[in-house]
Novice: 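Pasting a structure below so you can have a look.
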Amino acid sequence: MSPRFVLTGCCFLFFLWCGDRYTEAQKPESPVPYSHPHWKPRGKNWNALFKKHPEFQKLLQEEVRLEKETRTLVKKFKDAPESEQKSIRKELENVVTEHFQVRQQRRLYELKLMEERIQILREDIEDRDKNAGKIVKKRMNDLLESESGWKF
């Protein structure tokens, strides 16, 4: 199993940034609680991501908090007598609405990061197109020199 952190449902997020890879012994402590079913640790450096994008960290933490609150209210609703269920249902609706809004904010933030990454890739492709001849010559030299053995 490869040691990476994967944020399921946000698969392109990790396409957007490059973090250090860690072995099992080097895994950093993560500031994100893993009680949410969509977040599972696998090895990317969360701290590097959150240092670069603190707003994203706040959104994830808020999402986890709201998920826990939702589950608590659902359990409370199921255990409550009918007389109290109406007020709990209203409270649950408010929490679910807030949770929806936080998820939308996170998705918009991810979209912004993807657009930035796409722009960088477009610029890289344009630069490589302009320098195609130099790139091919350099690669040919690298290939041919490595086959000739030691160079002094």
Side-chain angles (χ1 to χ4, degrees), residues 1-136 138-139 142-143:
M1 185 172 198
S2 113
R4 290 189 219 162
F5 281 107
V6 175
L7 184 58
T8 308
C10 309
C11 59
F12 289 111
L13 172 67
F14 296 102
F15 166 73
L16 302 174
W17 66 280
C18 295
D20 296 330
R21 293 183 184 267
Y22 291 88
T23 64
E24 290 296 317
Q26 297 172 316
K27 274 189 184 176
E29 289 185 25
S30 175
V32 175
Y34 297 110
S35 61
H36 193 283
H38 296 288
W39 299 309
K40 297 179 171 62
R42 290 216 186 147
K44 282 284 186 185
N45 186 346
W46 281 100
N47 293 327
L49 173 66
F50 294 153
K51 193 175 209 178
K52 192 172 181 180
H53 304 285
E55 308 86 17
F56 188 74
Q57 178 183 14
K58 290 175 188 171
L59 289 171
L60 284 177
Q61 289 173 338
E62 183 66 8
E63 218 176 317
V64 169
R65 184 191 69 78
L66 289 167
E67 181 67 27
K68 285 180 181 179
E69 190 173 344
T70 300
R71 291 177 187 202
T72 302
L73 285 171
V74 167
K75 186 175 186 323
K76 189 176 174 183
F77 178 83
K78 289 178 179 178
D79 296 340
E82 282 189 40
S83 59
E84 295 176 18
Q85 283 185 347
K86 189 172 184 177
S87 64
I88 296 171
R89 184 182 190 94
K90 183 66 177 166
E91 188 179 350
L92 180 60
E93 184 178 344
N94 291 337
V95 171
V96 170
T97 301
E98 184 181 356
H99 196 178
F100 175 80
Q101 291 169 350
V102 169
R103 282 184 180 174
Q104 287 295 92
Q105 289 174 351
R106 178 185 46 85
R107 287 180 176 135
L108 286 171
Y109 194 86
E110 287 178 38
L111 180 62
K112 182 184 92 170
L113 294 176
M114 283 185 238
E115 289 170 345
E116 289 172 3
R117 180 67 180 144
I118 288 170
Q119 182 60 34
I120 290 168
L121 288 172
R122 286 187 197 284
E123 291 169 3
D124 286 350
I125 288 170
E126 289 172 8
D127 287 346
R128 290 179 64 80
D129 283 342
K130 289 177 187 173
N131 297 310
K134 291 179 187 176
I135 293 170
V136 169
K138 183 179 181 329
R139 178 66 177 149
D142 290 346
L143 290 169

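Because the structure is a prediction, the values reported are computed rather than measured.
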Novice: Working to the nearest 0.5 angstrom, can you tell me the gap between L92 CG and H99 NE2?
Specialist: 11.5 Å

Novice: Locate the shortest heavy-atom distance separating L59 from Q105; write the atom from each residue and the value.
Specialist: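 The pair with the smallest heavy-atom distance is CD2-OE1, 3.3 Å.
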
Novice: Calculate, to the nearest 0.5 Å, the distance between atoms CG and CZ belonging to D142 and R139 respectively.
Specialist: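 Answer rounded to 0.5 Å: 6.5 Å.
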
Novice: Would you compute the distance between atom CG of L66 and atom NZ of K68 and round it to the nearest 0.5 angstrom?
Specialist: 11.5 Å

Novice: Angle class for the H53/Y109 ring planes (parallel below 30°, perpendicular above 60°, tilted otherwise)?
Specialist: perpendicular

Novice: If you look at every heavy atom in R106 and L60, which pair is closest and at what distance?
Specialist: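 Looking at all heavy atoms of both residues, the shortest contact is CD-CD2, 3.7 Å.
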
Novice: Please test E115 against K112 for salt bridge (charged side-chain N to carboxylate O under 4.0 Å, His left out), starting from the C-alpha separation and ending with a verdict.
Specialist: CA-CA 5 Å; E115 289 170 345; K112 182 184 92 170; over 6 Å; no

Novice: Taking side chain as C-beta onward, heavy atoms only, is E82 less than 4.5 Å from Q85?
Specialist: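 Heavy-atom side-chain distance check passes, below 4.5 Å.
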
Novice: Under a 4.0 Å N-O cut-off, is there an ion pair linking E67 with R71?
Specialist: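 Yes, charged N to carboxylate O under 4.0 Å.
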
Novice: Kindly compute the distance separating CG (L73) from CD (E91), expressed to the nearest 0.5 Å.
Specialist: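 L73 atom CG to E91 atom CD measures 4.5 Å (nearest 0.5 Å).
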
Novice: Could you grab the distance from atom CD of E110 to atom CZ of R103, nearest 0.5 Å is fine?
Specialist: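 The CD atom of E110 sits 12.0 Å away from the CZ atom of R103.
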
Novice: Can you tell if the side chain of S87 reaches within under 4.5 Å of the side chain of K90, non-hydrogen atoms only?
Specialist: no

Novice: Can you tell me how far CD of E69 sits from CD of E98, rounded to the nearest 0.5 angstrom?
Specialist: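 Output value for this atom pair is 7.0 Å.
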
